[in-house]
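Structure record follows, encoded as structure tokens.
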Amino acid sequence: MSQLVDSPRIAIISRRAPTAAVGPTRPAKTPQDKEPRVPGKSGRDRQRALARAKLERQMARRAAAARKRRQMQAGIGAIIAVVIVIAGGWFLISKFGGGNKTNANAAATPSASVSASPAPGSCVYAKDTNPPPKGARSVGVPTTTNVPHTGTQTVTMTTNQGVIEFTLETAKAPCTVHSFTFLAGKKYYDGTPCHRLLVTGSFALQCGDPSGTGTGTPGYEFGTENLPTGANPPYPAGTVAMAKGSDPNSNGSQFFIVNKDSSFDGPNYSVFGHVTKGLDVVNKIAAGGVKLGPNAAAGSEPDAPKINVQITSITVTPPAS
């Protein structure tokens with residue numbers, strides 16, 4: 001048996017038995033080093049199969065990327081929807097608000113109930129730290145001692161359009177009634193306008209801001225009470241309630257008279273009285289429609305009454321003690 005041995009000089013044929021190779025050897029190719037084979041097919045067929053497999057992998061990657069894009073777009077869409085809902089809620093809160101304004105629209109559930117009234121001596125009238133608008137008035141702050149929690153009082157509100165009378169719910173809203181009678185006794189409301197009118201969805205005439213801007217306060221603020229939680233509607237025609245901003249402690253001097261059943265944005269406004277005479281005066285003002293107020297910002301919706309409404313005087317019988 002012969003063996004062929006590489007030599008730098010010549011090739012010699014030897015008949016000796018073969019010996020093991022010495023030095024580094026080149027390893028044989030492993031199955032992983034070889035190109036995939038397709039049984040029973042020629043080289044060209046194998047190339048086509050490999051190209052097709054590569055294309056399928058590319059298509060699978062593209063499909064996965066497309067799914068990821070769709071998921072991302074759906075997530076972004078959901079976030080945008082949430083932002084729109086939040087913005088819409090904020091708009092409703094500020095629609096009839098802004099400073100000490102009241103709002104419009106929202107449903108209430110049946111079975112009427114009211115929030116608990118403060119205990120005797122628990123009324124808190126905090127200083128309003130916001131700069132007052134031009135035309136605002138300040139007549140001091142009500143006392144927080146000996147606040148009446150019982151009894152009946154009647155309000156006579158004389159305007160240039162007629163007289164409106166309403167009773168005060170002293171037992172249910174003692175802090176609100178105490179503040180209102182204090183301001184009336186100081187003639188705070190005399191010679192002031194009713195600056196806002198709602199005639200769509202919810203219906204009310206808003207008064208009580210000497211500045212006529214809807215942002216004025218008497219220099220102090222206090223919390224809500226006697227909320228018509230669960231009432232349907234929460235604010236029936238003839239209701240007299242406090243206007244406020246989004247903060248539940250932003251009650252001041254502004255109030256509104258409801259001339260048709262309304263819900264506004266829910267039971268968020270303190271009810272402190274009910275009209276006994278003169279609701280037809282409010283209906284006459286509402287029938288006159290709305291316009292842009294003199295202080296309306298650009299793009300605002302008309303909400304000032306076309307018919308000029310001025311409060312000549314507000315008296316309370318018996319007067320506040």
Side-chain angles (χ1 to χ4, degrees), residues 99-102 125 127-128 130 132-143 147-148 152-170 173 175-197 204-222 238-244 250-259 269-270 272-282 284-286 288 293-295 303-321:
N100 279 341
K101 302 177 185 177
T102 171
Y125 303 105
K127 181 180 179 180
D128 180 11
N130 296 311
K134 183 179 179 180
R137 295 179 182 176
S138 178
V139 294
V141 180
T143 63
V147 176
T152 302
Q153 292 173 287
T154 300
V155 174
T156 301
M157 174 175 159
T158 304
T159 76
N160 63 333
Q161 299 299 325
V163 176
I164 303 168
E165 294 183 0
F166 53 92
T167 57
L168 298 176
E169 297 192 354
T170 307
C175 296
T176 305
V177 170
H178 186 55
S179 171
F180 184 85
T181 56
F182 167 80
L183 294 173
K186 296 290 186 179
K187 300 187 183 303
Y188 177 88
Y189 294 113
D190 294 4
T192 62
C194 291
H195 60 278
R196 173 168 279 107
L197 178 67
L205 176 68
Q206 185 173 337
C207 314
D209 177 11
S211 74
T213 63
T215 61
T217 75
Y220 64 86
E221 297 178 317
F222 58 98
T239 299
V240 184
M242 291 300 295
K244 66 176 186 62
S250 60
N251 290 303
S253 59
Q254 297 186 49
F255 62 96
F256 59 96
I257 301 171
V258 181
N259 62 307
Y269 308 97
S270 301
F272 71 99
H274 289 278
V275 174
T276 57
K277 178 182 176 181
L279 194 59
D280 58 320
V281 175
V282 183
K284 178 186 71 173
I285 296 168
N295 300 298
D303 64 357
K306 284 184 178 180
I307 298 175
N308 177 55
V309 186
Q310 293 287 324
I311 297 175
T312 305
S313 66
I314 289 182
T315 59
V316 181
T317 306
S321 57

From [atom1] ([X]) to [atom2] ([Y]), nearest 0.5 Å:
X	Y	atom1	atom2	answer
N251	T217	CG	OG1	11.5 Å
D190	R137	CG	CZ	7.5 Å
L279	E165	CG	CD	12.5 Å
T159	Q310	OG1	CD	9.5 Å
Q161	C194	CD	SG	9.5 Å
D303	R196	CG	CZ	4.0 Å

Does [X] reach the side chain of [Y], with side-chain heavy atoms less than 4.5 Å apart?
X	Y	answer
T176	F255	no
N160	N308	yes
H178	T143	yes

T156 and T317: CA distance, side-chain angles, deciding distance, side-chain contact (heavy atoms from CB on, under 4.5 Å) verdict: CA-CA 8 Å; T156 301; T317 306; 5.6 Å; no
Closest contact, heavy atoms only, [X] versus [Y]:
X	Y	result
C207	I311	CB-CD1, 3.9 Å
A204	F256	CB-CD1, 3.8 Å
I164	V281	CG1-CB, 4.2 Å
P305	I285	CB-CG2, 4.1 Å
Q254	M242	O-CE, 3.2 Å
D209	G214	OD2-N, 2.7 Å

Backbone N/O of F182 and side chain of Y188: donor-acceptor pair under 3.5 Å: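 Judged by distance alone, no pair lies under 3.5 Å.
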Derivation of the side-chain contact (heavy atoms from CB on, under 4.5 Å) call for T213 and H195: CA-CA 7 Å; T213 63; H195 60 278; over 6 Å; no
More than 12 heavy atoms from other groups under 6.0 Å of NZ on K277: no
Chi angles and distances behind the side-chain contact (heavy atoms from CB on, under 4.5 Å) call for F166, H274: CA-CA 5 Å; F166 53 92; H274 289 278; 5.8 Å; no
Worked check of side chain to side chain donor-acceptor pair (under 3.5 Å) between S179 and Y125: CA-CA 9 Å; S179 171; Y125 303 105; 5.5 Å; no
F272 and F180 aromatic ring geometry - parallel, tilted or perpendicular at 30°/60° bounds: tilted
Test log, rule side-chain contact (heavy atoms from CB on, under 4.5 Å), inputs Q153 and T170: CA-CA 8 Å; Q153 292 173 287; T170 307; 3.6 Å; yes
